[in-house]
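Quick notes on the structure that follows.
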Amino acid sequence: MSESIIDSVDIDYIDPKEAKFNITENHILTLDLNGVHYPCVQLHRSFPFTNPDQYISVRDDDDSDKDEVREIGNDKKKEIGIIRDLNEFDAVTRKILDKYLELRYFAPAIIRIISIREEFGYRYWTVETDKGVCKFTTRLGRGTVVTVGSGDKVMIYDVDGNRFQIPSFSQIESKTRKQIEMFM
Amino acid sequence: MEAELFSPYIVDILVGEGMRPESVLLTACCDRSLDDKFEDTYVFLCIDKVGFLTVEYDKQVSKVYNGFVLKKGKKQSDEKSNIPCRKKRYLQYKLSDIKELRLVNLVASGELFVKFEDETKETLAVSAYTNACVSDLAKISRAIDKIKKTGTLNFAEFKDKDDEICCPKCGMMYVDKVRKVCPRCANRKSTFTRLLKLVPKYKKNVIIAAIMTLIVSLLGLVQPYMSGTILFDKGLNAESGGFWYGKVGLIVGIIVLTYLLYTVLTAILNINMNTMAQNMMYDLKLDIFKSFQTMSMGFFTKNRIGGIMNRINNDTTAVARFFISGIPFLMISIIQFIGGLVMLIKLNPKVIILAALPAFVIIVILKATNKYMWRLYQKAWNIGSKLTSSVSDSLRGVKVVKAFGKEKDEISRFEKINQKCFKINYKLCYTTNLLNPIYSLVISIVTYGIWIISGMEIVNGATGMSYGVLASTLSYFGMMLTPIQSFSSFMEWWRNAMNSAQRMYDLIDVDPDVKESNHPVVMDKVKGDINIKNVSFGYEPNNTILKNLNADIKAGEMIGIVGHSGAGKSTLINLITRMYDVDEGSISIDGYDIKDIAMRTLRDNIALVTQDTYIFQGTVLENIAYANPEAKREDVIAAAKIAKAHDFIEAMPEGYDTMVGAGYRSMSGGERQRISIARAILINPRILILDEATAALDTETEMSIQDALDNLTNGRTTLAIAHRLSTLRNADRLIVIENGEITEMGTHSELVKNKGVYYRLMLKQAEALKTKGV
């Protein structure tokens, strides 16, 4: 059998031994890799629901080269490489990366529902989350409460696109589960 | 002008930091800290500096997101303004020291950076924010840009557009800024009252329905009396019979007649209600469709087309069903319940106490199971709609399914949903079938109780009790309980109809972003001068696509627009055609701002030919004459000839009358494109816009269409976007757009001489063609 077309593509995996991530005093995530210093990088999960800890794309946020002619379809933020698995990093680096990812994928985790009111096309939620009590509004109808990944994680999207999560739907208290089940 | 400063506590802190509150021009707030908590950081912009104040509140406050309805007229900022707060951190920078205030998009949120002029100084991450804060922060970021470039700030441009995000009546923030429907005002003028307002339109039907309902209900009440008391106690009883004694034939005749009348009138009532419902559905569908046509492009890009179509079909049906079945059912039930009760009081008052027992049991069971049943109905509805969309998804993608041989996987995917659907519907059936016998059992037990008690009374010769009274009692008894038992179905109709009606009104009430001016300028033919002045625009508030664009295009000029994908070329076209309105600056045609020009004038004078050509279901003739159905046959043929479409149309057996579009004769990409060019030619536009008009075609077709286009552009103001620079060979001038800014403008030779972006793009394309051996 001939060589697969997939094999002809090289994915630049970041070698944990070569990469040094750091958060500066000014709260900027930097990376030193193979002798190059990247003063501001961003992390994008390739599979935020199914593999949140694997395949993290590390992207250079530097926009100094914007006058250069770019290839069509290229993102402004260039990919430096991909982290195959966060677990390959030591505990200190892992903490730095986790902290950044939490900032990027902000979604308060719902602990229980305090009240839900439905009125004229909208659903008004008051919930207790790991970040305190939140009050938000979703539309009625599909697409606002969805199961993602393996099916035990639930995401709720409000009218502005803000996200709330239930990391483990089967573990949440049964009253809340029954209430949410109706909207799924 | 002084900006809103949030609270007196904050003013105190600012004064303490040496910032004069009256010097603050604009304010915004970030609501998240960088360590993943909710925390408020206020941003204050003055003409020469910017300050960032992070505060701690003395009291824990819940986080209220946009759109959540607090107490009347209250915003969360009002609630917070009463809570004392302390400074946690204060940062202040001179505008001359900072390069930009940068908003970096995170997932459904963002992070605020300060970049410094001194490049050795590291960028600072100030804080993070949720989506609600974006537009205010973006405004400050843009204002800083303006001040740095011009040294001043035109405050009017940055004025808080409160009137656009809040309901003008009550001042409450819209839940959805695109749809601009105020839930409180919608609430006050409740959906049901609005639905009832439709009724006068069908006055004749309503009057007929009211009369029929009354007669049908009364006939329903007469029947038990005739067949019970009159037949048994009068017709068959010599002592108390009086006039009725022995006239069994007459009594049965009246009963049969009543029944016949009841049946005929019920049929008339149903036909009448159906007619009304059909008319209502027709009007509602038309209203919704009309409102679609007035909406701006932004609405269609933000809403799923499938969901919108559902509203036209399912929601109108749900509302109509409520009017056909729900309302007559409710009216008849109320009359019969009251009538039954009155008759029971008159005939056999003791029974009322017995009737209360099953009524009580039914109400208790209904109340206990209501939530559960409602949940089941909801689940069944959800899974049903999932099943439908799964089928339509699979059918739409049938080509891909077959190409990859995934038929079996599709079957198993469907099976999984179907299985779930089956289980929930089975549960629903099972529960309903379990509850109904319970109701019947309770009713039967009480009925037998009435039999026993009344039977004993008859045997004992108690006054007022007879066979006839017993028979009538039993009928009225059933008549009273049936509405209670069916009340849950009524509630179901009611809930569905109100939800559907609300969704419909949400659409009908949408206030379009792009609106016609109150006093529009109407022009028969425009000359075609286009002036673009300081135009900035973004689809999202924090993402400016076009930045301060300036260009002067003379009538009859052909302008080529060049740039990378995502540079903002098509966005500029969207603004010139007024699919969207500019955020800042203005676009004018012949000296008039396009916002003041009548939509009709714009549409009659600007023609757009894009890469995605759409062929409507209809004949070729109808498709070409789409914008001008009155066009003469000769003109249509001439347009087709110029577009080089005439010959292939003639080759079709039915010529211009050939049905095309979904389900009919299919057309190749080149043919469709030529039809759409002919469509544009026919309206004889003064301004022609070609957005990648030939990008989807092969070289040979492109060349033949290019000739057609050259015919078309002659003498008109033309704006042409093309990736393949060779297609712009006839352009008088070229505009190069890079990252939303015009970086180069001039003739081909000028730009080549310049050796800028255009030159590099040209070299790259030439190189690419060489390697491909073209």
Minimum heavy-atom separation for [X] and [Y], please, with both atom names.
{"X": "A/Thr30", "Y": "B/Glu122", "result": "CG2-OE2, 4.5 Å"}
{"X": "A/Asp160", "Y": "B/Asn131", "result": "O-ND2, 2.7 Å"}
{"X": "A/Tyr100", "Y": "B/Glu111", "result": "CE1-OE1, 4.4 Å"}
{"X": "B/Ala108", "Y": "A/Gly161", "result": "CB-O, 3.2 Å"}

Within a strict 4.5 Å, meaning less than it, do heavy atoms of the [X] and [Y] side chains meet?
{"X": "B/Val104", "Y": "A/Gln42", "value": "yes"}
{"X": "A/Tyr105", "Y": "B/Ser109", "value": "no"}
{"X": "A/Glu181", "Y": "B/Lys379", "value": "yes"}
{"X": "A/Phe136", "Y": "B/Val64", "value": "no"}
{"X": "A/Leu103", "Y": "B/Arg32", "value": "yes"}

Original post:
Between B/Asp36 and A/Lys99, is the closest basic N to carboxylate O distance under 4.0 Å?
Top reply: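 Not counted as a salt bridge, because no side-chain N and carboxylate O are separated by less than 4.0 Å.
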
Original post:
How many angstroms lie between OG1 in B/Thr123 and NE2 in A/His27, if you round to the nearest 0.5 Å?
Top reply: 13.0 Å

Original post:
How many angstroms lie between CZ in A/Arg163 and OG1 in B/Thr130, if you round to the nearest 0.5 Å?
Top reply: 13.0 Å

Counting only heavy atoms not in [X], do more than 12 sit closer than 6.0 Å to its [atom1] atom?
{"X": "A/Glu173", "atom1": "CD", "value": "yes"}
{"X": "B/Lys99", "atom1": "NZ", "value": "no"}
{"X": "A/Tyr55", "atom1": "OH", "value": "no"}

Original post:
What about A/Tyr124 and B/Tyr65, are their ring centers closer than 6.0 Å?
Top reply: no

**OP:** Give the C-alpha distance, both sets of side-chain angles, the deciding distance and a yes or no for ring pair (Phe, Tyr, Trp, His ring centres under 6.0 Å) between B/Tyr129 and A/Phe106.
**Re:** CA-CA 10 Å; B/Tyr129 51 82; A/Phe106 180 74; over 10 Å; no

Which portion of [X] sits near chain B, non-hydrogen atoms under 4.5 angstrom:
{"X": "A/Tyr157", "answer": "neither"}
{"X": "A/Pro48", "answer": "neither"}
{"X": "A/Asn162", "answer": "both"}

Original post:
Non-hydrogen atoms of chain A under 4.5 Å away: do they reach the side chain of B/Ser33, the backbone, both or neither?
Top reply: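 The backbone, not the side chain.
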
Subject >> Portion of B/Gln60 that has a non-hydrogen atom of chain A nearer than 4.5 angstrom >> reply: neither

Subject >> Donor-acceptor under 3.5 Å (A/Asn26 side chain, B/Ala125 main chain) >> reply: no

